[in-house]
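Beneath this line is the structure, given in structure tokens, with notes to follow.
Just so it is clear, the model here is predicted, and its values are computed rather than measured.
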Amino acid sequence: MFHQECENSLRKALEKLYPETQLAELSLKKPPNPEFGQLASSLCFDLAKKNGKNPIVLAKQLAKNLDKTRFSLVKHVDPAGAGYINFHLDFAKFSGLTIESARHFDAEYGFVKTSTPMRIIVEHTSANPLHPLHIGQARNPVLGDTLARMLKSRGHTVFRHFYIDDVGRQSSVVAYGYAKLGKPEPDEKPDHFIGKIYTITSCIVEIARLKKELEQAKQASSTEALQKINKELDEWVAVAADLQQRFSELFRKLHDEISKEENPERAINLINQAYETQDKKAIELSRHVTDLCLEGFKQTLSRIDITHDSWDWESSFVWSGHVADVLQKLKSSPYVSKIGGILEFEAGKIVEDLGLKPKLGLRESYEVPSLTLVRSDGTTLYTTRDLAYTLWKFEKADRVINVIGMEQNLAQLQLKIGLYALGRRECAENLVHFAYNLVSLPSSKAQVRSERISSRMGRYITFDEVMDEAVRRAFEEVSKRSAELSEKEKKRIAEFVGIGAVRYALVAVDPQKPVVFTWDRVLDFEKNSAPYIQYTHARACSILRKAARAPEKPDYSLLTEKLEQEIVLALAEFPDTFVEATEFLKPSAIAEFAVLLADKFNTFYNALPVIKAEPPQLSDARLALVDAVRIVLRNALSVIGIVAPERM
RNA sequence: GGGCUCGUAGUCUAGGCUGGAUUAGGACACUGGCCUGCGGAGCCGGAGAUCGAGGGUUCAAAUCCCUCCGGGCCCGCCA
């Protein structure tokens, strides 16, 4: 509103003075310092460039010609600096308006609805069901879920999907190991159990395979290949020793059973093939193993308040013929051809033909690599199946956001190009790859650089461990600070503090940045953290509780302190921040906003009394301000999935 | 070799799309105060940065363009 008022009056004055100049942008921005008012325009610099006059002279001229009789929220305007025009707010009116608006809309305040609501699918997490979710993958569900919350609050209809990648050799590896053990019931969290079986089985199988290769290489006496195999073998042997030590019984059992097998490699492939061709026994086995793992995922995710609306099995797209249909269509396009028994999609060619490079953000010199759709044995590849899945998603939604690591950039690009090849331009244009960078483990003393997480080698920290540790540390903290609380109460608080801290740490960093995992990063309970915001919220609640009265007759014109006005401004900015964060898919902007507001509030809290302020009209106005802060902090926290507690 | 991405104090990070009053904003660690009223998971202050390097565009560059350097990832009949 204030923005509009400034814009209108400025435009009018501009028309009056310089009817011939046309400026699309008035470049109104928030100045860096409150002394410069609350909104400023740098248009005089542009104007000066056009007609060669001095910017500050122009600014003075313009400011003089603004129609001041029409102002309601603008208090005064002045030209400043080298050529800025500064607009100053009339806080006497603005404060009341902002605070009352926040209190009126309450849980809806700030969540400005879009004028073009869409059906949006956010596909996130989609981890292979082979082992527990680990810290490297944890960025995905948190970002995905937060995006979903934001888009929903923006007025879209949002569906959260999990793509279950159950087709492929790796799934058969676990299924094989599980069957060898006699399909036991897990005696621990099911995904942790499956994770052990997966790592141990693939380790044993891998060593057997490498040994065989070694024999062959010896006969061929190719020293180079020999070295390479030896190196790989050494690595796996080290992994085996580690696993044997950590899970001795399970390792022994699996080792005994697999050693009896003449050709484990082949047995695994057989399971794989049987599953893809809908063999009843294979389905029973594989689905059971996958279900166990998914059950573990659900437990982990529900702890951090993340759920999915749909669990989509990759295999079902193969069985239902969706994949075959897509292939059929692709075959008739000029970009797909059979080369030496395989089906190849020339992604580069269609990009050239349709001139897609600028649209896809590619350099002219870049040639998109082609993609194999079907193997020589007739089976399909991952991206091929993803194409079928994507089309299915677009039957249910107008827009699809895939939260997937940036290591899959090329695959996601090829997927998009595939949609163009199918003539589904509108799908391609509404397919968003929300990419985030990898998380690595910190380097140990022995290593120079950070270690890559390897789930295949069992080298990871599980998401469960991270949450456990965070909650444990939070519990210590709570016990220190509020020793008088009951054990049960302390546990309850520790849970949302610990989980909140983890969630905040993952959402507050720009997803494009690579992250090295350290406990310090996640277990931060100080200023730039969820607990700090939660604490501030609890503080605000505490004041309101102590006051034990509603602000009956607030006089907002008494809020003349700089601190108070800064808070009012922050409250008023929340809707803009939310809209921008959502449109640009930047959850971190909300986290940043929340800390900023909490920060200002704590300063205010420290400097000015609320309940005992005099006169009562001021006390009431401050009470209403505290209430508005409480509301905005809670809304900001809730949209990024963090609990806003009344006490902690 | 090609592509994508990141590089901001000892450490972590904001700003970058949309250039502007910026002496680059915060946090951790370091350090000096506040134990004053409504919760100290707090508040106020100090010190610490040639924004990876070099060019260019501009009245104005952390921001836009080019080149280079360093880290990570991808370029598979894996997923």
Side-chain angles (χ1 to χ4, degrees), chain A residues 25 27 29 31-33 35-36 40 42 45-46 48-49 55 80-84 86 128 130 165 167-171 314 339-344 361-363 365-369 371-383 385-386 405-411 413 435 437-438 440 449-450 452 474 477-478 480-482 497 505 508-510 512-516 518 520-521 524-529 531-536 538-547 584 588-589 592 595-596 598-599 602-613 622-623 626 647-648:
Chain A
E25 277 293 321
S27 26
K29 284 203 169 170
N33 189 322
E35 280 169 35
F36 301 134
S42 58
F45 292 98
D46 296 332
K49 197 189 276 180
Y84 291 92
N86 293 338
N128 293 349
L130 308 168
D165 189 5
V167 180
R169 213 190 84 96
Q170 299 170 83
S171 298
E314 185 178 18
I339 301 170
I342 61 166
L343 206 61
E344 193 81 356
L362 303 171
R363 288 194 189 203
S365 56
Y366 179 62
E367 278 182 49
V368 182
L371 171 75
T372 305
L373 295 167
V374 180
R375 296 188 185 93
S376 47
D377 69 356
T379 56
T380 55
L381 280 101
Y382 176 79
T383 307
R385 300 189 291 267
D386 203 5
M406 58 152 256
E407 70 275 11
Q408 295 211 37
N409 262 343
L410 179 58
L413 177 69
N437 217 320
L438 288 174
S440 52
R449 62 176 55 128
S450 53
R452 202 181 156 183
E477 209 69 14
V478 179
K480 230 187 318 183
R481 294 168 205 276
S482 324
V497 169
V509 183
D510 181 342
Q512 300 274 54
K513 299 224 180 205
V515 158
V516 177
T518 58
D520 281 354
R521 181 186 282 278
D524 181 12
F525 295 162
E526 291 183 58
K527 198 150 177 174
N528 191 3
S529 75
Y532 175 74
I533 305 165
Q534 290 173 317
Y535 177 76
T536 310
R539 244 182 177 179
C541 289
S542 169
I543 295 176
L544 296 167
R545 209 163 42 230
K546 284 254 161 65
F584 285 93
S588 59
E592 197 195 335
V595 166
L596 199 86
D599 209 352
N602 280 319
T603 306
F604 160 80
Y605 174 91
N606 215 262
L608 302 166
V610 174
I611 297 173
K612 290 178 188 161
R622 284 190 182 155
L623 212 50
V626 172
R647 298 168 204 262
M648 63 184 271

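Glu477(A) pairs by the side chain to side chain donor-acceptor pair (under 3.5 Å) definition with Arg481(A), not counting sequence neighbours. Evaluation of the side-chain contact (heavy atoms from CB on, under 4.5 Å) rule for Ala538(A) yields Met648(A) as partners, not counting sequence neighbours. Every residue two or more places apart in sequence or in another chain that forms a side chain to side chain donor-acceptor pair (under 3.5 Å) with Arg385(A) is listed here: Glu314(A), Thr380(A). Partners of Ser529(A) according to the side chain to side chain donor-acceptor pair (under 3.5 Å) rule, which considers only residues two or more places apart in sequence or in another chain, do not exist here. Residues passing the side-chain contact (heavy atoms from CB on, under 4.5 Å) test with Arg375(A), sequence neighbours excluded: Asp377(A), Thr379(A), Leu381(A). In this view, Arg169(A) and Glu265(A) satisfy the side chain to side chain donor-acceptor pair (under 3.5 Å) rule, not counting sequence neighbours. The ring-ring contact (aromatic ring centres under 6.0 Å, His included) check on Phe604(A) picks up Phe601(A), with sequence neighbours excluded. By the side-chain contact (heavy atoms from CB on, under 4.5 Å) test, Pro31(A) is found to be paired with Phe36(A), Ala40(A), residues two or more places apart in sequence or in another chain being considered. Among residues two or more places apart in sequence or in another chain, the side-chain contact (heavy atoms from CB on, under 4.5 Å) test is passed with Ile342(A) by Glu344(A), Thr372(A), Ser376(A).
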Look for any protein N or O under 3.5 Å of an N or O in nucleotides 31-35 of chain B and output each such pair with its distance, or none.
none

Atom pairs under 3.5 Å, N or O on each side, protein against nucleotides 23-29 of chain B: can you list them with distances?
| residue | atom | partner | partner atom | Å |
| --- | --- | --- | --- | --- |
| A27(B) | OP1 | Lys527(A) | NZ | 3.3 |

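Taking CG from Leu362(A) and CG from Leu413(A), the interatomic distance works out to 5.5 Å, rounded to the nearest 0.5 Å.
Under the Watson-Crick and G-U wobble criteria, each requiring two contacts below 3.5 Å, nucleotide G70(B) is paired to C6(B). Under the Watson-Crick and G-U wobble criteria, each requiring two contacts below 3.5 Å, nucleotide G1(B) is paired to C75(B).
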Study note, to complete from the structure: Counting primed atoms, P, OP1 and OP2 as sugar-phosphate and everything else as base, the B/S/- map of nucleotides 74-79 of chain B against protein heavy atoms under 4.0 Å is SS-BSB
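Put simply, Ser529(A) has no side-chain N or O that comes within less than 4.0 Å of OP1 or OP2 on A41(B). For the OP1/OP2 pair of G39(B) and a distance below 4.0 Å, the side-chain nitrogens and oxygens of Ser542(A) include at least one atom meeting the criterion. Phosphate contact (OP1/OP2 of G2(B), side-chain N/O of Arg363(A), threshold under 4.0 Å): absent. When the side-chain nitrogen and oxygen atoms of Lys513(A) are compared with OP1 and OP2 of A14(B), one or more of them lie within a distance under 4.0 Å. Side-chain nitrogen and oxygen atoms of Tyr605(A) include at least one within less than 4.0 Å of the OP1 or OP2 phosphate oxygen of G39(B). Phosphate contact (OP1/OP2 of G39(B), side-chain N/O of Lys546(A), threshold under 4.0 Å): present. Arg539(A) has no side-chain polar atom (N or O) that falls below the 4.0 Å cut-off from OP1 or OP2 of G39(B).
For Asp510(A) and Ser588(A), the side-chain atoms include no donor-acceptor pair closer than 3.5 Å.
Residue order along RNA chain B, read from the 5' end via each residue's closest nucleotide, puts Glu592(A) first among Tyr532(A) and Glu592(A). Map Val497(A) and Pro609(A) each onto its nearest nucleotide of RNA chain B; the residue landing nearer the 5' end is Pro609(A).
Across the protein-nucleic acid pair, Phe584(A) atom CZ and C17(B) atom P stand 11 Å apart, rounded to whole Å. For Asn602(A) and A41(B), the CG to P distance is 11 Å, given to the nearest whole Å. Atoms CG (Asn437(A)) and P (U13(B)) sit 11 Å apart, rounded to a whole Å. Following rounding to the nearest Å, Met648(A) (CE) and A41(B) (P) show an atom-to-atom distance of 9 Å. Atom-to-atom, NZ of Lys29(A) to C1' of A21(B) comes out at 12 Å; the value is rounded to the nearest Å.
When all heavy atoms are compared, the tightest approach of Asn528(A) to Asp524(A) is O-OD2, 3.4 Å.
When heavy atoms are screened at a 4.0 angstrom cut-off, Tyr535(A) is found touching base atoms of the nucleic acid.
Checking C6(B), U13(B), G39(B) against every side-chain atom of Val509(A), the shortest atom distance belongs to U13(B).
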